[in-house]
Amino acid sequence: MKIGVPKEITVGEARVAMTPDSALQLQKLGYSCVIETGAGLAAGFSDATYQAAGVDIAPSADSLWASADIIAKVRPPESAETEKLGPKKTLISFFYPAQNAALLEQAKATGANIIAMDMVPRISRAQKMDALSSMANIAGYRAVIEAGNNFGRFFTGQVTAAGKVPPAKVLVIGAGVAGLAAIGTATSLGAITYAFDVRPEVAEQIESMGAEFVFLDFNESQQDGAATGGYAAPSSPEFREKQLAKFRELAPEIDIVITTALIPGRDAPKLWLTDMVALMKPGSVIIDLAAERGGNCDLTVADQKIVSDNGVTVVGYTDFPSRMAAQSSTLYSTNIRHMMTDLTPAKDGEIVHNMEDDVIRGATVAFEGAITYPPPPPKIQAIAAQKPKEKAKEPTPDEKRAREAAAFKAQTKSQGFLLLIGTALLLLVGAYAPASFMNHFVVFMLACFIGFQVIWNVSHSLHTPLMAVTNAISGIVILGALLQIGSGNWLVVILAALSVLVATINIVGGFLVTRRMLAMFQKS
């Protein structure tokens with residue numbers, strides 16, 4: 001079968017659904033590839049690079065649609081493009097069936113199979129095909145870059161001879177894929193980053209990326225993302241009012257606001273209102289990634305950049321992934337290639353449209369002349385439901401006292417057992433050893449016992465403060481060794497010399513380590 005990629009006809013769309021690298025992988029699955037001439041130029045891929053990868057070049061869109069069995073696109077097809085489909089053809093592209101009911105009906109009438117990349121279920125096995133996440137990741141990154149382009153200062157704070165520059169404060173509303181990408185980029189650029197999301201399970205993700213999670217003083221428990229396919233659920237009016245009050249409190253301090261809150265199939269919720277924009281400082285920037293669905297900000301105008309009366313720039317571009325066409329095309333074409341891998345289990349260049357497969361069934365919106373949208377819920381949840389963490393119960397004074405008493409008894413028991421063994425050993429040795437040996441042996445055993453209690457039972461993190469104690473013990477070892485060095489027995493002399501050497505190394509090393517530790521706390 002032949003996979004064809006036409007040139008995108010949407011104005012300003014620079015992405016392409018196949019790259020030379022993905023074409024090589026598709027050919028390994030048994031497919032032949034064809035692309036419309038000039039389809040990859042806007043993304044930086046010339047016809048020559050496709051030809052070098054074994055891709056045929058179609059002279060026109062009509063010839064490509066006529067010859068290809070599978071059509072891969074980025075944007076949803078226009079009505080004129082849909083008419084070119086037929087009963088044995090398969091279209092793979094973004095489709096947005098909830099917003100394009102008329103287009104879906106038209107596609108159904110052609111008898112073609114339609115796979116919507118925006119309908120890939122969010123389960124672990126389908127992550128490699130999740131084109132929405134791929135594009136959202138790029139949009140989040142590009143949003144920060146666009147904000148920096150419109151912001152008049154550094155992101156990171158600096159202290160220079162010319163003056164002090166405070167760091168920018170960035171607020172990211174919505175911590176989905178785009179939001180987390182924006183958080184990571186803003187943090188890496190040195191900004192003080194805050195983030196808010198209505199899903200409680202993302203707080204740890206936000207904090208792990210170096211941002212501060214904005215908490216609300218609100219008792220209502222939010223629905224877990226596992227129950228909503230990984231997306232946020234609509235909030236109650238009371239929660240929304242508390243949320244907006246928190247944003248009004250933050251607005252005067254924030255330099256850059258990046259809004260990403262969007263629920264599939266719904267208009268974007270209004271979260272950054274006109275009065276909040278008025279509270280922001282002149283020169284501040286708002287990047288609205290939900291502009292295509294009406295925007296999260298009251299002042300957002302789709303595909304435009306405007307400046308408010310108080311000097312706040314509001315950017316409502318809807319083509320952030322297309323502004324990084326080379327990267328976007330690479331990731332999207334990889335998503336397409338993985339989808340084709342699942343559709344070609346035998347790697348023989350023939351599609352097997354298995355409607356029992358969760359991923360293929362979820363992404364299929366029209367199949368053999370019938371509309372299959374909406375799909376049934378996947379058999380596997382999008383993410384594991386978060387179990388509420390049990391708070392550690394604070395023990396009562398009586399419980400603390402009982403616990404300490406039990407620990408003391410256990411320690412006393414173990415020490416008594418050790419003393420009993422030591423006494424038995426001394427009695428056993430004393431029964432056969434001479435008196436002169438016993439004097440040295442008793443001192444040796446006491447030294448071992450004291451050394452064990454002083455050093456072995458101390459936590460490793462406390463060894464440095466105890467360096468003085470270990471140095472004192474090493475000093476005693478040196479003193480004893482010096483007394484024995486004059487012995488007439490050559491074995492005793494060698495052991496005494498080794499003792500002096502090892503103890504000296506320990507003392508010198510102890511002083512060096514202690515000096516370095518103390519230097520860490522000195523200003524000069």
Side-chain angles (χ1 to χ4, degrees), residues 175 192-227 238-239 242-243 246 249 383-427 442-477 506-507 509-511 513-523:
I192 299 174
T193 310
Y194 303 90
F196 174 82
D197 197 287
V198 298
R199 294 168 297 165
E201 65 267 24
V202 301
E204 291 181 3
Q205 299 174 31
I206 290 169
E207 291 169 351
S208 70
M209 298 188 73
E212 181 179 334
F213 186 70
V214 177
F215 287 96
L216 293 185
D217 185 14
F218 194 73
N219 293 328
E220 178 184 310
S221 60
Q222 294 299 300
Q223 190 172 10
D224 194 288
E238 294 79 12
F239 183 88
K242 198 75 176 179
Q243 178 183 9
K246 187 65 176 181
E249 179 187 330
I383 54 175
Q386 293 270 326
K387 293 182 179 179
K389 295 180 180 178
E390 295 183 4
K391 293 183 178 179
K393 186 181 177 182
E394 188 70 23
T396 62
D398 291 338
E399 289 174 339
K400 284 183 180 179
R401 200 176 298 110
R403 194 176 300 169
E404 290 171 358
F408 177 76
K409 287 179 181 178
Q411 189 176 9
T412 304
K413 185 176 179 181
S414 63
Q415 289 181 350
F417 184 67
L418 285 174
L419 286 173
L420 183 62
I421 292 175
T423 304
L425 186 60
L426 285 173
L427 291 173
V442 169
V443 172
F444 173 74
M445 290 295 293
L446 288 174
C448 288
F449 180 76
I450 294 170
F452 177 83
Q453 293 296 330
V454 171
I455 304 299
W456 191 262
N457 286 338
V458 175
S459 172
H460 298 292
S461 59
L462 298 178
H463 275 173
T464 301
L466 281 175
M467 203 61 73
V469 177
T470 59
N471 283 350
I473 295 172
S474 297
I476 296 172
V477 171
N506 189 42
I507 291 174
F511 277 113
V513 171
T514 304
R515 182 177 179 80
R516 289 186 65 182
M517 290 294 295
L518 292 174
M520 293 173 62
F521 300 96
Q522 293 176 350
K523 292 183 178 179

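As the structure is a prediction and not an experimental result, all values here were calculated from the model.
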Quick one, F196 with K246, criterion side chain to side chain contact (heavy atoms under 4.5 Å, CB included). Give me CA distance, side-chain angles, the key distance, then yes/no. CA-CA 10 Å; F196 174 82; K246 187 65 176 181; over 6 Å; no

Quick check against the 3.5 Å criterion: does D197 have a side-chain atom that pairs as donor or acceptor with the backbone of V202?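 No.
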
Considering non-hydrogen atoms only, spot the tightest contact between K242 and L216 and give its length.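 Result for this residue pair: O-CD2, 4.0 Å.
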
Spacing of CZ belonging to F511 relative to CG belonging to N506, to within rounding of 0.5 Å: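 Between atom CZ of F511 and atom CG of N506 there are 10.5 Å.
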
